[in-house]
Amino acid sequence: MEKLNLSSSPHIRGKKTVSGIMLDVIVALIPAAAASVIIFGYRAALVICICISTAILSEFFFQKITKSKILVNDLSACVTGLLLALNLPVSIPLWQAALGSLFAVVVVKGMFGGIGKNFANPAITARIMMLIAFTGTMTAYVTPFTDTLTSSATPLAILGSDTSALPPLKDMLLGIRAGSMGETCAVALIIGGVYLIFRGVISYVTPVSYIGTVFILSLIYGGGEFALYQVLSGGLLLGAFFMATDYATTPTRPLGKLIFGLGCGIITAAIRFYGSNPEGVSYAILLMNIITPYIDKWTRPTPIGGSKK
Amino acid sequence: MAFLRMPGIKVPHRKHTAAMAPIRIPAPEEVCIPLSMHIGAPAVPTVKINDKVKVGQVIAQAGNGLSVPVHASVSGTVKRFEEMNTASNKTVTAVVIQSDGLMELSEDIAVPDVTDLESFVDAVKQAGIVGLGGAAFPTWVKLNIKDASKVEEIVLNGAECEPYITSDTRTFFDRGDELVYGVETLIKYYSPKKVIIAIENNKQEAIKTARKLFAGNDKVFVQVLPSVYPQGGEKVLIYSATKKIVPEGKLPIDVGVIAINVTTVAAIARYLKTGQPLTEKCVTVDGSAVKEPKNLIVPIGTRIRDVIENAGGYKCDPAKIIMGGPMMGHTMPDENHPVMKGTNAIIALDGRDGAVPEETPCINCGSCIQRCPLRLDPPGFGKAYEMKNPEELEKLKVNLCMECGVCAYVCPAKRHLVQRNRLAKNMLREYKAKEGKNGKA
Ligand code: SF4
Ligand code: SF4
């Protein structure tokens with residue numbers, strides 16, 4: 001008889017795997033990615049490919065150089081690259097896209113200990129870094145179905161001033177508006193988000209509380225139509241479904257997720273209504289990422305049967 | 001408290017052997033009977049090498065305090081005393097008896113004289129009975145309740161939530177008379193308000209049988225529980241059956257409950273009726289490496305090798321042999337280990353099922369936290385353990401962890417959470433022991 005395996009119980013394991021979860025996220029992002037290519041042309045596909053391949057390669061070499069376990073095949077770098085790409089304008093210079101992707105994977109994720117240990121969302125932090133470093137190219141938006149840069153910029157910017165120039169609501173749903181590649185097509189994002197909830201990958205609590213908070217605050221601030229546009233514009237749907245639900249950087253328990261969503265909603269609305277910057281989603285999520293450990297601590301339940309001391 | 005949710009998980013059932021009546025195996029050539037098959041002090045041997053023994057004869061007296069006697073399970077000759085490692089890594093002494101193949105009953109076997117609660121508890125002790133669901137806690141200690149009026153509910157654990165195992169289910173089918181007699185005896189000495197027989201809803205036949213057995217008894221209720229692992233965990237079961245929560249550091253009796261495994265009750269009844277102590281065990285033999293999965297009644301002390309042989313041997317080279325169920329059982333280094341009182345299954349797995357998954361870093365998905373029946377924080381335990389922080393472990397209540405395996409089962413990163421929980425529990429225990437000493441000094 002061969003040597004018998006000795007190991008701790010349990011001796012059967014569930015079917016869920018890390019790469020399976022990541023694959024689900026990728027699948028859920030495919031509609032949004034496809035929409036970006038349809039709306040903004042083939043250059044969108046190019047940016048996506050650059051971001052994903054840079055993310056994967058830089059994770060691989062980072063793990064090689066630091067002599068840590070090679071975990072690229074868990075697909076998490078692929079998710080980070082894809083998410084970052086969808087957060088960029090289609091006209092972004094390719095070297096900038098690659099640099100952002102490298103920054104996300106190596107600095108924000110790798111240097112903090114790799115998967116699960118980073119405190120801030122890699123894609124979001126990279127986006128913010130790029131907004132600061134490459135402000136010009138990061139805020140240059142292209143008119144849908146053309147290559148020309150719009151001067152009028154995004155609906156969010158318009159909402160702040162002359163509302164008569166807003167695209168019709170139908171176009172907002174389909175994503176025919178200026179913006180980052182993957183954030184515009186609301187329908188695609190909702191399909192992806194619902195898929196993730198249905199698959200049990202994410203909880204509905206965060207997106208519902210986040211989007212709900214923004215909607216209600218906007219309703220109070222500017223009425224029904226304004227609120228609808230607020231929900232559909234900017235990176236809210238992309239952020240609420242795909243980045244405010246990131247495992248490593250958001251709370252683990254339902255109550256924590258609720259608080260996280262509320263906090264994100266309030267910060268997003270505050271930045272959008274009163275800040276100089278029309279978009280607040282990235283900053284809101286990053287700020288809430290920072291207090292996530294505390295939320296997790298506050299929301300830790302008393303174990304069943306545990307005596308309180 | 002009604003809104004309190006005790007989560008759990010769906011595990012595969014794999015109850016292939018549920019319809020197979022157990023077969024009593026012929027006496028093996030030799031048996032190896034550990035003197036510590038229970039939680040507590042080891043029993044003290046009363047036989048010498050070359051002594052002749054018969055089935056049911058005491059070969060070791062109960063030690064001090066928490067302990068039970070041990071009986072010969074075959075007739076034959078005491079060959080030697082053997083030091084062996086138990087699954088929980090303790091070294092214990094075992095008595096090796098060479099069987100004469102006759103299975104002669106000892107003349108000592110006599111129906112005990114039970115007249116009151118005290119003599120009942122003593123009988124349970126003399127029968128050598130321990131919790132047969134796997135916990136192996138001396139049953140007489142559990143039943144040794146000074147004030148019987150404290151007992152409100154007696155919960156019979158027939159949940160059997162582990163995959164593969166059907167030996168408790170078989171008790172309903174094959175030992176109905178003993179079960180009824182046992183329950184009636186418990187009612188007689190404890191007069192509880194009710195007796196709840198808890199069975200998971202994936203065992204419809206057992207539910208039917210139990211209902212039939214107790215049809216005339218208005219104190220006994222068969223309660224159908226959802227088949228959610230770990231339904232049979234003592235605290236979980238008590239909560240599911242009575243909605244009572246056993247607080248930290250307390251026993252079920254502190255909330256008026258006695259929880260006892262169905263097969264244990266049948267074993268008590270057998271002793272009361274016939275004087276036969278616990279010398280054999282019904283064991284489910286199953287797993288992808290076993291040729292003919294079945295239930296076998298084997299003398300306690302039968303080595304794994306002999307048990308498997310009686311189930312047709314192996315289909316292929318086993319990669320892993322488990323004593324107990326796949327969720328909480330222990331892996332065995334070889335086939336020498338004997339069946340003990342608490343053993344309810346031997347599972348042999350092939351290379352695919354028996355592979356040990358490689359663990360990858362925690363992705364903080366929260367699955368384990370949300371599924372832990374006791375709402376514990378396994379990744380938190382891991383972190384505190386790695387930082388050697390017993391104070392934090394105490395705060396996180398690692399001591400409550402029942403090692404049910406739910407957290408590790410659901411973990412997508414295949415983290416060895418239960419193993420770490422165990423290490424963390426030990427760290428806390430050592431810290432407390434030291435603290436206690438310092439406190440006194
Ligand atoms: S093994 Fe412990 S921590 Fe894990 S689920 Fe069971 S009780 Fe909870
Ligand atoms: S289930 Fe595994 S990966 Fe998820 S939080 Fe628990 S330990 Fe981490």
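By convention in this document, chain letters (A, B, ...) are assigned in the order of the sequence lines, proteins followed by strands, and residues within each chain are numbered from 1.
A salt bridge is absent between B:K414 and B:E358; no separation between the charged side-chain nitrogens and carboxylate oxygens falls under 4.0 Å. A salt bridge links B:R420 to B:E359: one of the charged nitrogens lies within less than 4.0 Å of a carboxylate oxygen. Ion pairing of B:E392 with B:K395 is present here, as a side-chain N (NZ or NE/NH1/NH2) and a carboxylate O approach within less than 4.0 Å.
In this structure, chain A has no heavy atom under 4.5 Å from any part of B:C372. Looking at B:C362, the atoms closer than 4.5 Å to chain A (heavy atoms on both sides) all sit in the backbone: N, CA, C or O. Heavy-atom distances place no part of B:L417 under 4.5 Å from chain A, backbone and side chain included. Residue B:P357 touches chain A through its side chain alone, counting heavy-atom pairs closer than 4.5 Å. With a 4.5 angstrom heavy-atom cutoff, B:V246 touches chain A only via backbone atoms. When heavy atoms are compared at a cutoff of 4.5 Å, B:E162 does not approach chain A at all.
More than 12 heavy atoms of other residues, nucleotides or ligands sit less than 6.0 Å from atom NZ of A:K69. Around atom NZ of B:K15, more than 12 heavy atoms belonging to other residues, nucleotides or ligands sit under 6.0 Å away.
The candidate from A:G116, A:S203, A:P10, A:G113 with the greatest count of non-hydrogen atom pairs under 4.5 Å with chain B is A:P10. With respect to chain A, the highest number of heavy-atom pairs below 4.5 Å among B:D377, B:L376, B:V406, B:L349 belongs to B:D377. For chain A, the option among B:C404, B:C365, B:P361, B:G405 with the highest count of heavy-atom pairs below 4.5 Å is B:C365. Ranked by heavy-atom pairs shorter than 4.5 Å toward chain A, the options B:G354, B:G366, B:P333 are led by B:P333. When B:C407, B:G351, B:P247 are compared by the number of non-hydrogen pairs under 4.5 Å with chain A, B:P247 comes out ahead. Most heavy-atom pairs under 4.5 Å with chain B, from the set A:V18, A:I202, A:N5: that is A:N5.
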Please test B:H13 against B:S227 for side-chain contact (heavy atoms from CB on, under 4.5 Å), starting from the C-alpha separation and ending with a verdict. CA-CA 9 Å; B:H13 299 313; B:S227 56; 3.7 Å; yes
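Atom NZ of B:K235 and atom CG of B:L237 lie 13.5 Å apart (nearest 0.5 Å).
Remark: B:D353 engages B:S288 in a side chain to side chain donor-acceptor pair (under 3.5 Å) (not counting sequence neighbours).
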